[in-house]
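Below: one structure, written as structure tokens.
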Amino acid sequence: MEKKETIKSVTFILVGMLLQIFNGIGGGWSTNFIAIFGLILFLIGLNKLKSGLDPAGQSAVQMLFIGVILGLVGTFFDLIPLMGWLAIIFYIVSFVFELIGFIKLKESATIGEIGKSGAGLLLISMILLLVAGIFWFIPLIGGIFVSILSLAALYLAFTGWLKIQAGIIGEDIPKIKSVTYILIGTLLLLCNTATSGWAAAIASIFGLFLLFKGFKQLKDNIDEVGQSAVKLLVISIFIGIAAALVDIIASIMDVASGNVIGMIGAPGTIDYIIIILFAGAYIVQFIGYLKLRGSVTIGETGKSGVLFLMIAMILALVASLIGIIPFTGLVTSLLAIAGLVLVFFGWVKVQDGLIENK
């Protein structure tokens with residue numbers, strides 16, 4: 001298997017699994033659609049990865065493939081009223097297949113020792129999700145523990161797949177790893193825009209950390225024009241951090257005070273501040289991406305990907321601003337999900353451009 005396809009396969013899988021886990025972090029109907037998109041990416045990634053593994057790895061991928069398909073069916077049933085019980089059955093069977101798949105993956109020599117340690121982290125992530133599923137049945141406090149455990153599982157899944165990628169293609173891939181950090185970070189931000197809740201806000205903080213780390217690595221491996229663009233993108237991160245912190249504080253205050261109006265999303269002064277800050281972050285990112293299109297390092301493929309990113313930032317900006325208007329949650333979520341799809345394929349193209357120009 002070509003190195004380019006191997007890198008791309010892990011990118012698809014990593015993003016897919018994280019978006020699937022986000023279903024237990026965010027609130028609202030949009031999390032199911034985000035999970036469906038993630039599961040589809042997971043399937044595509046597994047299909048790409050399979051041919052590059054040894055027999056043990058291929059056997060593991062087959063189990064994971066079945067598990068993800070069952071999870072996808074369960075998520076569709078979860079969207080149908082009164083069919084939640086059937087969705088739970090599919091989720092349980094899906095979990096069993098995925099767990100067996102990750103156990104088998106640890107036996108693959110292709111992923112190396114570092115990859116095997118990553119597979120171990122994925123196992124722990126799955127166990128945390130199982131415990132989270134049990135807490136889901138506990139009234140009132142159960143949802144809090146589900147969110148906390150899902151956040152921990154998300155971090156372990158991210159770290160685990162990065163280790164598997166490093167085990168397959170080597171650790172000396174700073175430009176490629178930087179794009180992975182940036183991609184996941186941006187997606188977590190957009191997930192927070194599409195959904196609601198304090199846990200989603202915390203996930204966005206993790207996303208901002210990944211963005212900062214990714215842009216720092218990318219800056220050291222890109223030309224001067226690209227470095228100028230990255231500076232603007234880093235500024236947008238600090239604006240986003242401020243917005244996310246205010247969002248977390250506001251969510252905690254609403255829960256602690258029993259502010260039903262705040263919890264259902266009716267905008268107040270703090271909400272306007274959050275919206276304006278996030279909008280400012282998206283504007284600065286748009287300008288940064290506009291400059292990034294002038295970088296030779298990312299190649300023509302990367303430049304076409306940056307165009308996707310610019311369109312995504314426009315959608316994210318509109319989604320943030322119309323959040324000021326009451327009863328526009330549906331439109332906000334749809335725009336954010338559309339932006340999420342564009343961000344994924346945009347950064348995959350940038351990744352391709354960096355590999356081609358390596």
Q: Could you tell me whether the side chain of S304 and the main chain of T301 form a donor-acceptor pair under 3.5 Å?
A: yes
(Q) So does D223 get a backbone contact from the side chain of T297, meaning a donor-acceptor N/O pair under 3.5 Å? (A) yes
Q: Look at atom NZ of K116 and say whether more than 12 heavy atoms of other residues, nucleotides or ligands are closer to it than 6.0 Å.
A: yes
Q) With the 4.5 Å side-chain cut-off for hydrophobic clustering, are L149 and I92 part of the same group? A) yes
**Q.** Residues which pass ring pair (Phe, Tyr, Trp, His ring centres under 6.0 Å) with F95, listed by chain and number, not counting sequence neighbours
**A.** none
Q: Report yes or no: do F286 and V225 belong to one cluster of Ile/Leu/Val/Met/Phe/Trp/Tyr joined by side chain heavy-atom distances under 4.5 Å?
A: no
Q: Can you measure from CG (L188) to CG (L211) and round to the nearest 0.5 angstrom?
A: 8.5 Å
Q.
If you count every heavy atom of other residues, nucleotides or ligands that lies below 6.0 Å from Y155 atom OH, does the total exceed 12?
A. no
(Q) Does any part of the side chain of L129, heavy atoms only, come nearer than 4.5 Å to the side chain of S150, both counted from C-beta? (A) yes
Q) Of the options L210, V343, L18, which is the one that meets L183 in a side chain to side chain contact (heavy atoms under 4.5 Å, CB included)? A) V343
Q. So, E300 and K303, do they make that salt bridge, N to O below 4.0 Å?
A. yes
Q: Determine, stepwise, if the pair S178 / I222 fulfils side chain to side chain contact (heavy atoms under 4.5 Å, CB included).
A: CA-CA 11 Å; S178 68; I222 203 168; over 6 Å; no
Q. Is there side-chain contact between T11 and Q165, with heavy atoms separated by less than 4.5 Å?
A. yes
Q: Say whether, by atom type as modelled, one donor and one acceptor occur between the side chain of Q20 and the main chain of G38 under 3.5 angstrom.
A: no
**Q.** OG on S9 to CD1 on I44, rounded to 0.5 Å
**A.** 12.0 Å
**Q.** OH on Y282 to CE on M313, rounded to 0.5 Å
**A.** 6.5 Å
Q: Using modelled atom types only, decide if a donor and an acceptor are shared between the side chain of S236 and the backbone of L233 within a distance under 3.5 Å.
A: yes
Q) Any donor-acceptor pair under 3.5 Å linking the side chain of T159 with the backbone of L156? A) no
(Q) Please check: side-chain N/O of T75 versus main-chain N/O of G71, any donor-acceptor pairing under 3.5 Å? (A) yes
Q) Below 4.5 Å, heavy atoms only, C-beta onward: do D78 and Y91 meet side chain to side chain? A) yes
Q) Honestly curious: do L79 and L19 fall in one hydrophobic cluster under the side-chain, below-4.5 Å linking rule? A) yes
Q) Once you round to the nearest 0.5 Å, how far does OG1 of T180 lie from CD of Q351? A) 5.0 Å
**Q.** Side chain to side chain, L122 and M17, heavy atoms closer than 4.5 Å
**A.** yes
**Q.** Option among F215, F206, F212, F158 that satisfies the ring pair (Phe, Tyr, Trp, His ring centres under 6.0 Å) test with Y181
**A.** F158
(Q) Distance check, rounded to the nearest 0.5 Å: I337 atom CD1 versus F37 atom CZ? (A) 10.0 Å
(Q) Is the ring pair F90/F77 parallel, tilted or perpendicular, if the boundaries are 30 and 60 degrees? (A) parallel
**Q.** From F76 atom CZ to I36 atom CD1, the distance as rounded to the nearest 0.5 Å
**A.** 4.0 Å
Q. L354 and N221: side chain to side chain contact (heavy atoms under 4.5 Å, CB included), yes or no, with the steps?
A. CA-CA 10 Å; L354 289 169; N221 295 277; over 6 Å; no
Q.
Taking the ring centre of each residue, are F344 and F308 less than 6.0 Å apart?
A. no
Q) Between the main-chain N or O of I182 and the side-chain N or O of T186, is there a donor-acceptor pair closer than 3.5 Å? A) yes
Q: Kindly work out whether a path of hydrophobic side-chain contacts (I/L/V/M/F/W/Y, heavy atoms less than 4.5 Å apart) joins V296 to L290.
A: no
Q) Going only through I, L, V, M, F, W and Y residues with side-chain contacts under 4.5 Å, is there a path from F345 to L309? A) yes
**Q.** Donor-acceptor contact below 3.5 Å, side chain D54 vs main chain S108
**A.** no
Q: Check ring pair (Phe, Tyr, Trp, His ring centres under 6.0 Å) between F97 and all other residues, then give those that pass, not counting sequence neighbours.
A: none
**Q.** F209 atom CZ: more than 12 heavy-atom contacts under 6.0 Å
**A.** no
